[in-house]
Amino acid sequence: MGAEDEATILFNSTFVRPAQFYIGGFSDVPHDKYYYVFLSFVYILTVIGNVALLSVIYLAKTLHTPKYMIVFNLGLADLCGSTALIPKLLDTFLLNRRYIAYEACISYMFFVLFFTSLQSWTLVIMAYDRLIAICFPLNYHNVVTVTNIAAMLLFMWVFVLSLLASTVSLINRLSFCRSVVIESFYCDHGPIFHLACNDWSLNRLMAYVGFITILCIPPILIVLTYVCIVIALSRIASGKERLKALKTCTSHLALVIIFFLPLMGTNIAAVASYLHPNARIINATLTHTIPALLNPIVYSLKTEEVFSTFKKFCTKISNRASFNEMCSDLSMSWGGTCT
């Protein structure tokens with residue numbers, strides 16, 4: 001056995017796992033802290049909006065339908081996804097704590113990718129709901145049932161969990177003997193496995209699988225769904241009925257555009273041409289945060305059931321507050337009590 005072979009065996013048997021990674025983030029951007037302050041406001045509004053939407057759906061029995069099971073799942077994924085990303089991002093850059101433990105980094109990566117994937121596939125299930133409602137209206141209540149939608153959502157969670165767990169766990173087979181600086185705004189999968197000094201071809205393969213499964217197949221399925229919807233609507237004689245059917249899709253179409261267009265645009269631009277790291281980081285952070293902020297607003301304003309239910313809750317709270325105030329005044333004047 002030659003010296004070269006011995007060196008190869010020694011290298012292969014030496015496994016280097018860093019204690020910490022360093023998250024690079026922006027490079028040479030003046031006043032970048034203002035951007036992170038902006039993200040903190042985005043997060044606060046995201047939490048308020050999604051908690052309000054989830055509360056309305058949970059408390060209003062009229063919204064305990066298969067359609068709003070899907071909306072609830074999307075709101076939950078938005079809330080958890082923003083919580084997984086933004087607080088840690090602010091801690092990293094606003095408080096300048098850029099070093100992150102290896103295990104924490106892997107967990108950080110998993111939860112951000114997991115909830116992003118849930119958002120993507122929830123939009124597909126929403127498209128399925130609209131497809132059945134418009135193309136097969138007579139069978140809608142037989143096909144789109146609570147049991148069927150619950151089974152679809154459960155399958156989606158298990159599928160995404162299995163895919164992401166496999167993808168992220170493969171990071172543990174890599175050896176990092178060079179740089180530990182992650183050129184991204186969080187523990188991103190691609191920038192991390194590119195730092196490895198042993199073979200990362202399997203990690204790259206899983207990255208392609210994840211990209212196709214999460215960012216390519218869902219929008220293709222949604223487009224095919226709307227092709228079927230347009231064909232079905234073209235057979236409706238009345239223009240008024242077509243418009244009425246299309247209005248039921250506007251909220252979903254808005255969510256699809258808000259979520260997929262920036263995310264796919266950023267990835268395509270990064271692959272097709274040179275994209276400055278700072279521009280990529282700004283685009284990526286906004287595409288991970290803004291949809292979660294806008295989704296509850298879109299569903300509150302565009303969906304009549306949610307908007308009217310929300311107004312009823314606000315009226316009840318307002319009436320209750322007025323009643324309590326009146327009781328308080330009477331109690332002070334007459335020494336009585338109100339029930």
Between the CG atom in Leu153 and the OG1 atom in Thr122, the distance rounded to the nearest 0.5 Å is 6.5 Å
Self-check item: Ring center gap for Tyr35 and Phe93 short of 6.0 angstrom
Solution: no
Can we call the ring centroids of Tyr68 and His64 under 6.0 Å apart? no
Check step by step if side chain to side chain contact (heavy atoms under 4.5 Å, CB included) holds for Gln20 and Ile100. CA-CA 5 Å; Gln20 293 178 316; Ile100 180 170; over 6 Å; no
Nearest heavy-atom contact between Leu54 and Phe72 is CD2-O, 3.3 Å
When every non-hydrogen atom of Trp200 is compared with those of Arg173, the smallest separation belongs to CA-NH1, 4.4 Å
Closest non-hydrogen contact found for Phe260 with Ile222 is CE1-CD1, 3.8 Å
**Prompt:** Tell me, do Tyr102 and Phe21 make a side-chain contact under 4.5 Å, heavy atoms counted?
**Reply:** yes
For Ala150, the side-chain contact (heavy atoms from CB on, under 4.5 Å) test, sequence neighbours excluded, returns Met69
Please set out all donor-acceptor pairs under 3.5 angstrom arising from side-chain atoms of residues 123-142, sequence neighbours excluded.
{"residue": "Asp129", "atom": "OD1", "partner": "Tyr140", "partner atom": "OH", "Å": "2.5"}
{"residue": "Arg130", "atom": "NH1", "partner": "Thr248", "partner atom": "OG1", "Å": "3.3"}

Can you get from Phe185 to Phe38 by hopping between Ile, Leu, Val, Met, Phe, Trp and Tyr side chains that sit under 4.5 Å apart? yes
One should read off an interatomic distance between Asn295 CG and Leu53 CG, to the nearest 0.5 angstrom, of 9.0 Å
Are the side chains of Ser40 and Val37 in contact, using a 4.5 Å heavy-atom criterion? yes
* Any donor-acceptor N/O pair, Asp188 side chain to Ser184 backbone, under 3.5 Å -> no
Given side chains that start at C-beta, do those of Cys105 and Ile182 come closer than 4.5 Å, heavy atoms only?
yes
Taking every heavy atom of Pro296 against every heavy atom of Ala292, the minimum-distance pair comes out as CD-O, 3.3 Å
Tyr22 meets the side-chain hydrogen bond (donor to acceptor under 3.5 Å, both in side chains) criterion, sequence neighbours left out, with none
Of all heavy-atom pairs linking Thr213 and Trp121, the shortest is O-NE1, 3.1 Å
_same_hphob_cluster(Leu205, Ile217) at 4.5 Å side-chain heavy-atom cutoff_ = yes
Value for OG (Ser251) from CG (Leu253), rounded to nearest 0.5 Å, stands at 9.0 Å
Check: Would you find a donor on one side and an acceptor on the other, under 3.5 Å apart, between the side chain of Arg98 and the backbone of Gly24?
Finding: yes
When hydrophobic residues are tied together by side-chain contacts of less than 4.5 Å, even through go-betweens, does Ile229 share a cluster with Ile257?
no
Can you list, pair by pair, the side-chain donor-acceptor contacts under 3.5 Å of residues 79-92, counting residues two or more places apart and other chains?
{"residue": "Ser82", "atom": "OG", "partner": "Asp78", "partner atom": "O", "Å": "3.1"}
{"residue": "Thr83", "atom": "OG1", "partner": "Tyr43", "partner atom": "OH", "Å": "3.0"}
{"residue": "Thr83", "atom": "OG1", "partner": "Leu79", "partner atom": "O", "Å": "2.8"}
{"residue": "Lys88", "atom": "NZ", "partner": "Asp91", "partner atom": "OD2", "Å": "3.4"}
{"residue": "Asp91", "atom": "OD1", "partner": "Arg97", "partner atom": "NH1", "Å": "2.9"}
{"residue": "Thr92", "atom": "OG1", "partner": "Lys88", "partner atom": "O", "Å": "2.7"}

Next on the checklist: Check whether Ser120 reaches the backbone of Ile214 with its side chain - one donor and one acceptor, N or O, closer than 3.5 Å.
Outcome noted: yes
query: Tell me, do Cys216 and Phe211 make a side-chain contact under 4.5 Å, heavy atoms counted?
result: yes
To the nearest 0.5 Å, atom CD1 of Ile192 lies from atom CD1 of Ile106 at 5.5 Å
All heavy atoms of Phe115 vs all of Ala77, minimum pair found to be CB-O, 3.9 Å
Check your understanding: Can we call the ring centroids of Tyr186 and Tyr108 under 6.0 Å apart?
Key -> yes
(message) When you group the ILVMFWY residues by side-chain heavy-atom contacts below 4.5 Å and let the links chain together, are Ile149 and Leu154 in the same group?
(response) no
His252 and Tyr226: aromatic ring centres closer than 6.0 Å? yes
To the nearest 0.5 Å, atom CE of Met206 lies from atom CG of Leu202 at 7.0 Å
Under 3.5 Å, which donor-acceptor pairs link side chains of residues 160-171 to any protein atom two or more places apart or in another chain?
{"residue": "Ser162", "atom": "OG", "partner": "Val158", "partner atom": "O", "Å": "2.8"}
{"residue": "Ser166", "atom": "OG", "partner": "Ser162", "partner atom": "O", "Å": "2.8"}
{"residue": "Thr167", "atom": "OG1", "partner": "Leu163", "partner atom": "O", "Å": "2.9"}
{"residue": "Ser169", "atom": "OG", "partner": "Ala165", "partner atom": "O", "Å": "2.8"}
{"residue": "Ser169", "atom": "OG", "partner": "Ser166", "partner atom": "O", "Å": "3.0"}

dist Ile57:CD1 -> Thr65:OG1 (nearest 0.5 Å) comes out at 8.5 Å
Across all chains, not counting sequence neighbours, the ring pair (Phe, Tyr, Trp, His ring centres under 6.0 Å) partners of Phe114 are Phe110, Trp157
(request) Give a yes or no on whether Met156 and Ile220 share a hydrophobic cluster (residues Ile, Leu, Val, Met, Phe, Trp, Tyr; joining criterion: side-chain heavy atoms under 4.5 Å apart). (result) no
